[in-house]
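Report on one structure; see the data block that follows.
No hydrogens, no waters, no symmetry mates; every other heavy atom, side chains included, goes into these values. Letters go in sequence order (proteins before strands), and every chain restarts at 1.
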Amino acid sequence: MKSVEQTRCAVSKAIGVMVLIAGVLLTAPLGFGAQTDSSQIPNIFKTASTPADAIRHLSFFVLIVTAAIFSVVFCLLAYVVVKFRNRETDADREPPQVYGSTQIELAWTVIPILIVVVLFLATARVIHAIQDAREPAAALDVIAIGHQFWWEFQYPASGFVTANELHIPVSDPAHPTPTFLKLLSADTDHSFWVPQLAGKTDLIPNRVNEMWIDPHRTGVFLGQCAQYCGTQHAKMLLQVSVDSPEAFAAWVSAQEHAVAQDEKEIAGKRVFETTACVNCHAISGTAAVGKFGPDLTHLMSRRTIAAGAADNTADNLRLWIQNPNAIKPGSLMPAMQLGKADLDALVRYLETLR
Amino acid sequence: MSSDAITIQTAESTSRAWVQTLHEWVITVDHKRLGILYIFFALVFLVIGGIEATIIRIQLIRPHNDFVSPQVFNRMFTMHGTTMIFFVAMPVLFGFANYLVPLMVGARDMAFPRLNAFSFWLTAFGGFLLYFSFLGGSGLYGAGNAPDVGWWAYAPLTSRAFSPGHSSDYWTISLLVSGFGSIGTAINLIATILCMRCPGMTLSRMPLFAWMNLVMSGMVLIAITPLSAAQIMLLVDRYLGGHFFDTQAGGSAAIWMHFFWIFGHPEVYILIIPCFAFISEIVPVFSRKPIFGYPVMVGATVCIGFVSMSVWAHHMFTIGMNSYANSFFAITTMAVGVPTGIKIFNWLGTMWGGKILFKTPMLFCIAFLFQFLIAGLTGIMLGVAPFNWQLSGSYFVVAHFHYVIVGGILFALFAAFYYWYPKITGRMMNESLGKLHFWLFVIGFHLTFDFMHIPGLLGMPRRIYTYQPGRGWDFWNLLCTIGTFIQGIAILVFVANLILSYFKGPKAGNDPWDAWTLEWSVSSPPPDYNFAAIPTVASRRPLWDRKHPEDPDSRYE
């Protein structure tokens with residue numbers, strides 16, 4: 001029965017190695033992620049909004065229950081494996097043949113049923129609290145429309161449209177101003193997921209879905225499309241900027257008005273209006289009313305372009321117009337094939353759209 | 001036997017003998033040969049699907065990696081998922097069922113040998129069609145492509161507007177064809193188990209292996225049918241102007257989801273129940289005790305069969321169902337945990353008070369118990385609908401179902417390989433290589449799939465070909481990729497062991513594990529038509545009765 005001894009030795013060595021690896025792993029990310037800004041991590045447990053908080057509380061409860069079940073069963077398994085391993089002393093005898101026990105079977109049926117009942121009641125309560133919440137009169141309504149591969153946000157009360165970077169006001173618990181999103185899709189399935197603000201809800205064509213957010217601190221929260229929607233699903237990124245009420249009001253009033261057209265950049269405007277740009281993009285106050293691509297009226301008020309794939313800089317704009325595949329291969333924006341003079345003029349014009 | 005045929009042909013050239021052997025394998029209707037064909041077919045696709053997984057993991061090793069293009073990446077995860085579910089997991093499980101069920105119930109073959117061969121070749125043709133898409137996906141228009149719609153192919157991404165060319169058609173038709181193969185095998189298994197048991201083998205004396213495959217086959221009949229129906233509807237949409245899933249013309253994307261998951265969730269149990277069957281045969285033998293609570297095990301299996309038919313929409317908690325529907329599917333999902341928990345406790349009860357031998361099959365069984373426990377608990381988390389709204393579609397889900405499919409199903413399959421290889425080939429597998437394979441695979445598995453949960457909790461969605469730096473995902477993805485390579489090495493050790501042992505392994509004899517079911521009463525490999533005289537049994541462990549006539553099981557049942 002040497003092999004048993006060897007196995008035990010191997011088991012203890014393996015456990016030692018695993019503990020060592022676990023120790024390294026627990027400390028390594030600290031060094032590895034030193035330059036990572038933790039506010040950029042869309043951690044589902046660092047919530048900043050009422051529905052996400054409710055989910056976090058429920059998930060901690062579920063984690064505690066499952067951890068308890070794990071501990072009990074794991075200890076049983078470890079005990080059985082160590083205690084009832086084959087020993088040299090009784091090598092040739094078969095152990096007592098036991099066929100079952102009704103009492104024990106009953107016990108390990110009833111206890112799990114009770115656990116399931118408790119978990120279900122906790123679950124149903126949170127489902128009801130989130131899904132059946134009434135929309136207060138002070139709530140902000142936004143229509144979110146998923147496109148391959150970007151987000152359109154319509155603010156019906158103010159009548160303007162923006163893309164990829166959603167702005168919403170922070171909500172004071174005393175006078176909540178939550179945001180209620182109506183979710184639609186222009187093409188395939190998408191999913192709106194900003195983990196710190198709420199769980200995800202899908203955007204499905206020919207179907208209207210709803211979700212709500214009730215943020216209680218300001219900041220920029222990151223997310224992205226969470227339902228595979230085609231080639232560039234990976235770069236269908238999403239930002240939600242939770243603004244103070246004053247900042248939000250200022251942003252809304254800026255978005256509501258068209259930008260005064262700068263006469264100096266008339267050449268670039270002409271390039272925009274005379275090429276295929278206008279087929280897909282709109283700029284208020286001009287002849288461009290395309291609907292397939294993001295509204296560019298206040299392009300420079302956004303931090304990023306191409307649904308978060310690149311920072312909104314002159315160089316990136318130029319690259320994006322000339323060769324979208326360099327930033328986002330498979331995006332539906334065509335390469336515009338402009339000459340250098342036209343491209344320079346166009347980028348200068350776009351930079352006036354503040 | 002082929003060897004007899006070859007020796008008679010000594011005057012002929014060796015190439016003639018080789019062709020004849022191949023011919024015999026192609027036209028065979030013998031359940032054992034078909035079982036081996038299924039298993040061999042699945043192993044080939046396991047390697048292909050594994051290579052696809054490796055490409056996925058290399059691409060994700062760091063943010064903004066450009067190892068493959070997004071188009072290639074999307075094809076890889078689609079093909080990886082489709083291959084592993086339909087052309088690895090199902091065929092290999094059917095293969096073991098084909099080989100072992102007639103032997104275990106004391107029959108000379110399956111009930112319908114020709115249907116059996118037909119089913120296998122349908123499955124094989126389905127696999128061929130799927131991979132032919134690499135050449136034929138674009139038809140005659142130049143370079144080919146493969147399906148890139150994800151393995152559940154949500155509408156309307158599969159409509160002709162979003163999926164031009166033929167890649168989605170190859171996906172659809174290959175699953176339709178192999179689906180008919182699965183239905184054929186399921187009918188065959190049910191008929192064999194219900195009608196071909198040897199004298200004395202009442203339903204309550206059947207090995208759990210047969211019981212669980214009976215339940216699995218019933219589930220195949222119920223679950224594959226809606227999948228096939230949905231594939232036909234999709235073809236009607238694509239070629240005959242139908243609008244089932246055409247959202248631009250009033251069709252419904254959610255209908256496809258329902259059809260797919262009403263297949264897709266029972267499918268998980270179709271895969272795991274035969275693995276429960278392996279565990280329920282192997283754990284008792286290496287604990288030297290009968291299975292604890294046989295009737296409860298049967299009841300729990302049947303119960304899982306029924307309940308798992310009513311949980312499908314937990315894959316759809318995020319599509320905006322109302323709160324009542326979400327609550328219903330939350331409780332049914334949690335309810336499946338009860339019979340599954342009963343099984344885990346019964347296996348522990350079997351080991352309790354036993355004399356556990358740590359042979360390679362048993363090591364894989366113990367790892368299975370540990371990993372399946374964790375997979376079940378993360379499953380409970382995903383069943384809690386609000387928690388699911390965060391976890392669904394993230395890497396947490398990917399980690400969860402790989403815990404089920406690799407940590408559960410694949411570990412159980414490895415146990416089955418090491419346990420029944422001596423019966424199938426007549427030779428033992430090498431224990432040292434087996435243990436090396438086990439430890440490498442355990443380490444690789446845990447390195448990949450334990451840490452894969454974490455980026456999911458940090459907001460990383462699945463099916464993205466690249467990701468942004470600075471979101472806390474980089475380190476965990478690096479670890480997952482390293483683990484993948486360790487798993488790959490372990491698989492190479494396993495394949496080497498399969499090949500080396502076939503030529504060099506010590507002779508196994510009839511009954512190398514001192515086991516109790518009927519397959520161990522015949523020679524290894526078993527003779528044509530298995531039993532010269534049909535055996536008669538008096539208990540669940542006929543060989544125990546034969547080895548211990550002073551204290552037979554039949555006295556207690």
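- In this structure, chain B has heavy atoms under 4.5 Å from both the backbone and the side chain of Asp189(A).
- There is no contact between Arg540(B) and chain A, counting heavy-atom distances below 4.5 Å.
- Only the side chain of Gln248(B) comes within contact range of chain A, with heavy atoms under 4.5 Å apart.
- Summarising the geometry of Ile380(B) relative to Leu119(A), their closest heavy-atom pair is CG2-CD1, 3.7 Å, with the distance given to 0.1 Å.
- Side-chain contact between Arg471(B) and Gln224(A): present, with at least one pair of heavy atoms (C-beta onward) separated by less than 4.5 Å.
- The two residues Gln227(A) and Tyr154(B) come nearest to each other via the heavy atoms NE2-CE2, 3.6 Å.
- Summarising the geometry of Ser394(B) relative to Trp193(A), their closest heavy-atom pair is CB-CH2, 3.6 Å, with the distance given to 0.1 Å.
- The main-chain N or O of Phe358(B) is never found under 3.5 Å from a side-chain atom of Arg85(A) such that the two would form a donor-acceptor pair.
- Taking the side-chain contact (heavy atoms from CB on, under 4.5 Å) definition, one finds that Phe60(A) meets it with Phe45(A), Arg56(A), Leu63(A), sequence neighbours left out.
- Phe292(B) has its ring centre less than 6.0 Å from the ring centre of Trp108(A).
- In this structure, Tyr99(A) has its ring center at least 6.0 angstrom away from the ring center of Tyr294(B).
- Heavy atoms of Leu373(B) lying under 4.5 Å from chain A belong exclusively to its side chain.
- Residue contact with chain A, scored on non-hydrogen atoms closer than 4.5 Å, involves the backbone and the side chain of Asp553(B) alike.
- Residues passing the ring pair (Phe, Tyr, Trp, His ring centres under 6.0 Å) test with His548(B), sequence neighbours excluded: Trp544(B).
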